[in-house]
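To start, the structure itself, in structure tokens.
One-based numbering, in listed order, for ligands and for the atoms of each. Just so it is clear, the structure is predicted and the values come from calculations on it, not from any experiment.
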Amino acid sequence: MDNKANIAVLVSGGGTNLQALIDAEKSGIIEHGDIELVISNVRDAYALTRAKEAGIKTAVVLKRELGSQEAFEQRIMDLLAAHDIDLIVLAGFMSILSAEFTSRYPERIINVHPSLIPSFCGKGYYGLKVHEAALEYGVKVTGATVHFVNEIPDGGRILLQKAVDILPDDTPETLQLRVMQEAEWIILPKAVELVSADILKTAGKPV
Ligand code: GAR
């Protein structure tokens with residue numbers, strides 16, 4: 001950290017939320033943070049290509065190769081320390097982190113979830129499954145939430161939320177895309193900026 005919070009983004013898939021963060025840093029929406037590192041737990045995640053194209057360092061950490069959750073998380077912690085990371089952003093990261101991990105970074109890990117928490121969240125609710133559940137229940141409004149990560153899956157303090165209407169002909173796929181476009185890609189960069197500025201203030205840096 002000099003005059004910006006160092007950010008690591010953890011990904012598993014397509015990385016459209018990572019792209020929203022890269023674009024927001026370029027456009028100045030994220031003013032007080034700098035994406036330093038992208039870590040993927042999936043070897044061929046397209047998010048890695050997005051990171052490389054933006055000139056961001058990448059790392060792949062595979063639980064299968066490391067043999068245990070402890071070793072997997074230790075490797076991530078080593079990378080975070082080596083890159084002097086101040087803020088960890090889970091952007092489509094499809095692996096639940098243990099309480100041992102999350103308790104090391106209180107209010108320094110944020111996650112984007114594709115529903116209005118506390119609806120359709122917690123263990124088993126991720127990606128398309130969240131939108132399938134919302135359509136099956138028949139809610140008329142859904143959205144996205146950015147929250148701090150603690151030991152309870154999707155249970156940390158809420159930072160930002162944005163509602164999105166469900167349309168009569170929605171499929172899980174159309175709904176997923178609209179929730180991303182109208183909510184996730186907007187509130188995730190905003191939350192990253194808010195928390196980055198706060199981290200600098202807490203460290204006594206000029207904001
Ligand atoms: C996003 O919709 C994100 O909210 C969701 O996975 C998608 C990842 O897309 N995350 C979760 O469900 C976490 N519980 P992306 O890789 O294109 O950003």
Distance-only side-chain donor-acceptor flag, Ser12 / Asn41, under 3.5 Å: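 Their side chains do contain a donor-acceptor pair, which is all the 3.5 Å distance test asks for.
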
Can you name the atoms of ligand 1, numbered from 1 with element, that are less than 4.0 Å from a heavy atom of Tyr126?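 Once the distances to Tyr126 are compared, the set is 12 (O), 14 (N).
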
Has the side chain of [X] got a donor or acceptor atom that lies under 3.5 Å from a matching backbone atom of [Y]?
X	Y	answer
Arg50	Gly14	yes
Ser115	Phe120	yes
Asn6	Asp84	yes
Glu193	His32	yes
Thr174	Asp170	no
Lys162	Glu182	yes

Considering both backbone and side-chain atoms of His131, is one of its nitrogen or oxygen atoms within less than 3.5 Å of a nitrogen or oxygen in ligand 1?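 In fact, backbone or side chain, His131 has no N or O that close.
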
Looking only at distance, does Gln176 have an N or O less than 3.5 Å from an N or O of ligand 1?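 N/O-N/O distance under 3.5 Å: no.
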
Sub-4.0 Å heavy-atom contact, Gly15 with ligand 1: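 Right, Gly15 reaches ligand 1.
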
For ligand 1, is there an atom lying under 4.0 Å from some heavy atom of Lys129?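 No, that is not the case, since the closest heavy atom of the residue is not under 4.0 Å from the ligand.
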
Among all protein non-hydrogen atoms, which one is nearest to [atom], and what is the separation to 0.1 Å?
atom	result
atom 8 (C) of ligand 1	Gly92 CA, 3.6 Å
atom 3 (C) of ligand 1	Glu184 OE1, 3.2 Å
atom 6 (O) of ligand 1	Met94 CE, 3.2 Å
atom 13 (C) of ligand 1	Val112 O, 4.1 Å
atom 12 (O) of ligand 1	Gly127 N, 2.8 Å
atom 14 (N) of ligand 1	His113 ND1, 3.4 Å
atom 9 (O) of ligand 1	Met180 CE, 3.3 Å

Roughly how far, to the nearest 0.5 Å, is CZ of Arg104 from OG1 of Thr102?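 If we round to the nearest 0.5 Å, Thr102:OG1 and Arg104:CZ are 10.5 Å apart.
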
Count the heavy atoms of every other residue, nucleotide or ligand shown that sit under 6.0 Å from NZ of Lys129, and state whether that count exceeds 12.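 Counting neighbours around NZ of Lys129, 12 or fewer heavy atoms of other residues, nucleotides or ligands fall under 6.0 Å, so no.
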
Residue part near ligand 1, for Tyr125, under 4.0 Å between non-hydrogen atoms: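 It is the backbone that gets close, since no side chain atom is under 4.0 Å.
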
